[in-house]
Amino acid sequence: MTDTDVRLTFKWVDGVTGLERMTDAWAALARQTGADIYATPVWVLTWWAHFGRGKTLRTLVAYDAQGQLVALLPFMIYPVWLGPVRVRIAKLAATDPNTVIFQLAATETALKNSCAEALNGLLGDGRAHLVSFTPASERGTMLAAIRNGVAPGLALTDTPAGTHTVFELPDTFEGYLANLSKKRRSQYRRDLKHLQNDHGLTTRMVHPDAHQFRDFVSFHNRQWQEVGKGGHFADWPGSAAFYCDLADATQQGQETWFVEQHGRNGPLATQFCLVAGQTCHWRLPARSTDPELERLSLGKIGLVQMIEQLIAAGVTRIEAGIGAYGYKLVYGGESVPTHRLIVSRRSGISPVLLKLCLGWARVLHLVYYRLWFGRVAPRLRAVIPLKNKSLWSSWIKTRI
């Protein structure tokens, strides 16, 4: 049976209250479909409580002929000002420029038609000028669904948007090690033995609460402050408080994971992951910057030990972040292309607004992010006591 054979009934749910009433059915659908953590109620509702201000929440809900919930797609709509011009942009709710989703909370047979209905609903009534699904991974189901769901009268912008790193995991840790080069296997075993014998390294997996997450925030911050940078929680305003609440909210479902490594004198490294079903999103590492531990490749040992824990727990895929990092690729990661995926109306003012928005996004990314944030500000901090600043919200909003 194909998605064109399935008769669906659609309805829109506006605001957060209606979604909260659907939490149990939504969570069941997410489990059934293997949806990523970013498409689950615990993530979306916690995120919205922290970052929903100034945004409108609209959710498309789809039922099959038997009245069963088969798709739930929440979107956020927010304004971007280009001087005096306001552009209304819709994105999947509770996502940011680093959020890569493989599977939405939608059955295979309902996904394409649900995406098509969502596009028509978001753009057809004028509530949004642009709908963005960036970054869309070539390894996920969303790319084909959007490409095939664009109706006449709508235009699709589909261009390369860099890469992200994916680990496809075998059934056993021994199978993972066998896929590494002989040199990497030998180095891993040698460095692990030294860390265990000389520093008393042990590894464990825990599901942290808010108190434990605050300790991780401090650990991560110390690592980056020692090299003159702010780190994730300084760059992304409000993220520390959000993740502390998320850690508490996921205690029952155990979606928040720490793979921790300790030594005789305290913590050595922690890998922060979000896990739903068989998919892990590796969000952040934190580790000691002791030169001796750096010499023994503590960061790489932490990665491999995390993979061992995840394989043992039945995880089959790790999404390891936007960009291609050499050490991730050497230790089994793949560089997977992502796409800038934007849908707009073909007629009226929408084509002009799309060009203006993309042009402004390029200027802001070059001048603010790459030049100032990435080069000038770090060099200034090396000579004067310049405080680390959070990323501009205007830059975040234009990463479409």
Side-chain angles (χ1 to χ4, degrees), residues 23 27 30-31 35-51 94-96 98-100 167 169 195 199-225 230-289 293 298-299 301-315 317-321:
T23 296
R31 289 191 298 270
D36 292 64
I37 181 70
Y38 306 123
T40 65
V42 67
W43 172 274
V44 173
L45 295 177
T46 305
W47 190 97
W48 198 263
H50 282 263
F51 305 116
T95 60
D96 63 38
N98 297 314
T99 304
V100 179
F167 292 80
L169 302 180
L195 285 165
H199 298 273
L201 179 142
T202 59
T203 301
R204 67 175 185 175
M205 188 274 290
V206 300
H207 302 293
D209 58 18
H211 175 75
Q212 292 167 305
F213 204 96
R214 281 190 285 270
D215 289 342
F216 172 78
V217 172
S218 298
F219 192 16
H220 179 86
N221 288 347
R222 285 196 301 272
Q223 175 189 346
W224 287 99
Q225 288 165 1
H232 178 87
F233 299 105
D235 293 346
W236 293 87
S239 57
F242 160 65
Y243 280 120
C244 286
D245 282 354
L246 183 72
D248 276 347
T250 55
Q251 280 287 291
Q252 181 176 358
Q254 299 186 335
E255 292 95 344
T256 302
W257 292 31
F258 281 171
V259 179
E260 298 180 334
Q261 294 176 300
H262 292 263
R264 297 188 186 95
N265 298 320
L268 301 181
T270 300
Q271 315 297 324
F272 162 39
C273 305
L274 295 169
V275 179
Q278 295 179 299
T279 299
C280 166
H281 290 268
W282 179 26
R283 293 295 295 183
L284 291 170
R287 68 177 186 272
S288 167
T289 55
L293 298 174
L298 175 62
I301 295 294
L303 166 60
V304 177
Q305 294 268 281
M306 177 189 73
I307 289 172
E308 181 177 17
Q309 294 284 325
L310 292 171
I311 290 175
V315 171
R317 175 182 284 168
I318 302 172
E319 196 286 309

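Every heavy atom of this structure was used, including side-chain atoms; hydrogens, water molecules and symmetry mates were not.
- To the nearest 0.5 Å, atom CG of residue L201 and atom CG of residue L298 are 7.5 Å apart.
- Taking the side chain as every heavy atom from C-beta outward, H281 and I37 approach each other to under 4.5 Å.
- What you find for D96 and N98 is that their closest heavy atoms are OD1-N, 2.7 Å.
- Within 6.0 Å of atom CH2 in W224, 12 or fewer heavy atoms from other residues, nucleotides or ligands are found, so the atom counts as exposed in its surroundings.
- Taken to the nearest 0.5 Å, the CZ atom of F242 stands 13.0 Å off from the CH2 atom of W48.
- Every pair passing salt bridge (Lys or Arg N to Asp or Glu O under 4.0 Å) that includes a residue from residues 201-222 is listed here, sequence neighbours excluded: R204-E260.
- Put simply, the residue from L310, I307, L303 that forms a side-chain contact (heavy atoms from CB on, under 4.5 Å) with W282 is L303.
- Side-chain contact between H232 and L284 is present, with at least one heavy-atom pair separated by less than 4.5 Å.
- A distance of 8.5 Å separates CD in E319 from CG in D36, rounded to the nearest 0.5 Å.
- Panel note: side chain Q251, backbone G253; no donor-acceptor pair is recorded below 3.5 Å.
- L195 has its side chain within reach of I301: a pair of non-hydrogen atoms, C-beta onward, lies under 4.5 Å apart.
- With rounding to the nearest 0.5 Å, the separation of CZ in R264 from OG1 in T202 is 10.5 Å.
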L293 and H199: side chain to side chain contact (heavy atoms under 4.5 Å, CB included), yes or no, with the steps? CA-CA 9 Å; L293 298 174; H199 298 273; 3.8 Å; yes
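- Residues satisfying the ring-ring contact (aromatic ring centres under 6.0 Å, His included) criterion with W257, sequence neighbours excluded, are H207.
- At a threshold of 4.5 Å between non-hydrogen side-chain atoms, the residues F167 and V315 do not count as touching.
- Here F272 and H220 keep their ring centres 6.0 angstrom or further from each other.
- Heavy-atom minimum distance, C280 versus C273: SG-CB, 3.6 Å.
- Between W43 and L274 there is a side-chain heavy-atom pair separated by less than 4.5 Å.
- The one candidate from Q305, Q309, H262, Q271 that meets the side-chain hydrogen bond (donor to acceptor under 3.5 Å, both in side chains) condition with T203 is Q305.
- Between T279 and I318 the shortest side-chain heavy-atom distance does not fall below 4.5 Å.
- Screening residues 241-250 for side-chain hydrogen bond (donor to acceptor under 3.5 Å, both in side chains), with sequence neighbours left out, gives H50-D245, Y243-R283, T250-T256.
- Scanning both residues, A39 and A30, for their nearest heavy atoms gives O-CB, 4.5 Å.
- Atom CZ of R31 is separated from atom OG1 of T40 by 10.5 Å, given to the nearest 0.5 angstrom.
- The distance between the ring centers of F216 and F213 falls below 6.0 angstrom.
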